[in-house]
Protein chains: 2
Amino acid sequence: MPKRSSPPTNPRKQPVQARSAQLVADILQAAIRVLERDGAQRFTTIRVADEAGVSVGSLYQYFPNKQAILYQLQRDEWERTGSSLEALLGDTTRAPVDRLRATLRAFFHSECDEAPLRLALDDAAPAYRDAPQSAEHRARSAAVVTGFVTAAAPHATRKQRGLAAQLVLATMTSLGKDVSERGLSRAEVDAWADAAADMVGGYLARLGAGTRRNAT
Amino acid sequence: MPKRSSPPTNPRKQPVQARSAQLVADILQAAIRVLERDGAQRFTTIRVADEAGVSVGSLYQYFPNKQAILYQLQRDEWERTGSSLEALLGDTTRAPVDRLRATLRAFFHSECDEAPLRLALDDAAPAYRDAPQSAEHRARSAAVVTGFVTAAAPHATRKQRGLAAQLVLATMTSLGKDVSERGLSRAEVDAWADAAADMVGGYLARLGAGTRRNAT
DNA sequence: GCAAAATACGAATAAACATTCGCGTTAGCA
DNA sequence: TGCTAACGCGAATGTTTATTCGTATTTTGC
């Protein structure tokens with residue numbers, strides 16, 4: 001377990017004028033391009049500054065260090081996926097099975113669309129692992145999934161549902177990552193999402209109706 | 001997509017005398033210790049050499065570069081998990097359901113036992129991604145799982161089985177990684193493995209008997 | 001015991017990078 | 001118009017690291 005003193009990830013200075021706000025936005029956009037094009041290994045402050053058309057010095061006025069940039073990108077990513085999950089999986093006006101399928105399709109597609117960026121962010125994960133926001137994001141997702149499992153398997157025990165919720169969330173995110181690395185067509189991604197939905201949905205359905213332990 | 005010229009990972013020189021063979025073994029052992037203790041970020045050739053009690057120069061006589069060491073460790077890891085998978089999931093003397101459960105338990109436990117090393121190797125993955133052996137290992141695993149799916153869902157179409165095999169393998173490996181990061185007790189790991197086996201097994205059972213598309 | 005090959009060594013080299021700092025430039029405001 | 005704070009710059013600094021290479025030591029074959 002590498003001990004890390006967790007250098008600060010909050011901005012050194014807040015942009016006040018419009019031009020500096022633009023500069024920060026430019027840097028974040030450039031950072032995405034650098035990650036996608038050069039990968040996490042070659043993600044350097046100089047490269048990001050160059051790509052954004054600003055100087056390193058300017059970059060360091062608003063980001064205390066390199067990790068802060070990556071962390072900001074990951075935060076934005078978490079925000080997006082969290083919202084999407086709440087909107088789709090938490091949509092109580094639809095039947096659980098439909099929700100699950102729609103969620104998995106949307107989630108897998110989104111993962112695939114941004115595959116290079118997510119891959120690179122994963123590679124860079126050691127730089128911002130144990131970030132405080134990470135726990136928050138997990139909790140948010142867990143809450144949504146727990147609500148969903150309660151709706152999908154109302155007759156299961158609380159304990160069963162707890163484990164199931166974790167399993168469902170882990171399966172979704174893990175498979176999403178796996179799928180995004182395969183470079184599949186839209187139709188293939190749909191097939192994967194539907195298969196995953198069958199697998200997870202079937203499991204929850206059986207949890208809800210009688211605790212059978214062994215299948216044929 | 002970061003273009004990488006893939007520097008060679010094969011040894012610069014083969015150990016001839018006993019002492020150099022021992023040196024190579026020492027280096028690999030030390031590399032594991034450094035990865036576990038300091039993490040992938042701080043995995044440097046000097047640290048490995050120090051830990052092994054040899055000089056950097058000696059290290060470079062048998063490994064062309066740093067990646068070669070990591071790659072060798074990953075190769076060994078692949079070899080172990082591949083053998084284990086064949087032995088457990090490919091054991092045709094047992095019923096599919098039992099095989100699946102036993103495999104997942106063993107696999108999850110093995111992942112957890114070596115969690116620090118695997119975590120670190122994952123972090124270091126960018127250094128040896130696209131390695132030739134990687135494809136071989138995937139093919140080997142895929143073959144075993146395909147055989148298993150055929151046994152577990154003999155009445156499914158070939159196409160269904162193909163997708164199912166990929167899904168099962170992806171679920172196993174992805175969940176294994178996820179579980180290993182949680183620091184669970186043995187009992188908890190078993191619970192996870194059994195839940196995963198239920199989920200995957202149930203999916204395959206339904207594939208085998210009639211192609212139902214929607215559940216309740 | 002001896003020459004040649006193999007092995008081991010570790011200081012030295014060179015490159016890459018994160019981060020700083022002093023100075024010139026621009027925007028806001030009186 | 002002029003003053004001040006905010007902004008922007010990029011060469012310079014200090015550190016870390018992978019890798020090399022000339023030399024010293026050990027083993028092997030005889």
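Chain letters run A, B, ... following the sequence lines, proteins first, then strands; residues in each count from 1. Note that the coordinates shown come from a computational prediction; the quantities given were computed from them, not determined experimentally.
- Using a 4.0 Å cut-off between a side-chain N of Lys or Arg and a carboxylate O of Asp or Glu, Arg182(B) and Asp178(B) qualify as a salt bridge.
- Rounded to 10°, the helix from dG1(C)-dC30(D) to dA30(C)-dT1(D) has 10° between the axis fitted to its first five pairs and the one fitted to its last five.
- The salt bridge (charged side-chain N to carboxylate O under 4.0 Å, His left out) pairs that include a residue from residues 44-53 of chain A are Arg33(A)-Glu51(A), Arg37(A)-Glu51(A), where partners are two or more places apart or lie in different chains.
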Verdict with reasoning, Glu86(A) to Ser83(A), per side-chain hydrogen bond (donor to acceptor under 3.5 Å, both in side chains): CA-CA 5 Å; Glu86(A) 278 172 0; Ser83(A) 300; 5.4 Å; no

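- Every residue two or more places apart in sequence or in another chain that forms a side chain to side chain contact (heavy atoms under 4.5 Å, CB included) with Ser55(B) is listed here: Ser58(B).
- Here Arg138(B) pairs with nothing under the salt bridge (Lys or Arg N to Asp or Glu O under 4.0 Å) rule; sequence neighbours left out.
- Shown here are the side chain to side chain contact (heavy atoms under 4.5 Å, CB included) partners of Arg19(A), two or more places apart in sequence or in another chain: Gln17(A).
- Contacts of Thr93(A) classified as side chain to side chain contact (heavy atoms under 4.5 Å, CB included), with partners at least two apart in sequence or in another chain: Asp91(A).
- Other residues, nucleotides and ligands contribute only 12 or fewer heavy atoms inside 6.0 Å of the CZ atom of Arg186(A).
- To the nearest angstrom, P of dA5(D) lies 13 Å from NZ of Lys13(A).
- Remark: Glu79(A) engages Arg140(A) in a salt bridge, criterion side-chain N to carboxylate O under 4.0 Å.
- Separation of atoms CD (Gln160(B)) and CG (Leu204(B)) is listed at 11.0 Å; rounding is to 0.5 Å.
- Residues satisfying the side chain to side chain donor-acceptor pair (under 3.5 Å) criterion with Arg118(A), sequence neighbours excluded, are Glu77(A), Ser110(A), Glu111(A), Glu114(A).
- The CG atom of Asp38(B) sits 14 Å away from the P atom of dT16(D) (whole-angstrom rounding).
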Under 3.5 Å, which N/O atoms of the protein pair with N/O atoms of nucleotides 24-30 of chain D?
unit_1, atom_1, unit_2, atom_2, d
dT26(D), O2, Arg19(B), NH2, 3.4

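- Per the geometry, CD1 belonging to Ile69(A) stands 14 Å off P belonging to dC17(C), to the nearest Å.
- Remark: Leu73(B) pairs with Leu28(B), Ala31(B), Ile32(B), Leu35(B), Leu121(B) by the side chain to side chain contact (heavy atoms under 4.5 Å, CB included) rule, at least two apart or across chains.
- For Ser20(A), no side-chain nitrogen or oxygen approaches OP1 or OP2 of dA6(D) to under 4.0 Å.
- Whole-Å rounding puts the Leu59(A) CG to dT20(C) C1' distance at 13 Å.
- Residue Gln41(A) contributes atom CD, which lies 12 Å from atom P of dA18(D) at whole-angstrom precision.
- For Leu23(B) and dA6(C), the CG to P distance is 16 Å, given to the nearest whole Å.
- Distance Lys66(A) NZ to dA18(C) P: 4 Å, rounded to the nearest Å.
- Asp122(B) is linked by a side chain to side chain donor-acceptor pair (under 3.5 Å) to nothing, counting only residues two or more places apart in sequence or in another chain.
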List, with names and distances, any nitrogen or oxygen atoms from the protein found under 3.5 Å away from nitrogen or oxygen atoms belonging to nucleotides 21-24 of chain C.
none

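- Atoms CG (Asn65(A)) and C1' (dT15(D)) sit 16 Å apart, rounded to a whole Å.
- Atom CG of residue Asp76(A) and atom OH of residue Tyr71(A) lie 10.5 Å apart, to the nearest 0.5 angstrom.
- Which of dC9(C), dC9(D), dG10(D) sits closest to the side chain of Val56(A) comes down to dG10(D).
- Across residues 43-54 of chain B, Val54(B) each have a non-hydrogen atom less than 4.0 Å from an atom of DNA chain C (numbered order).
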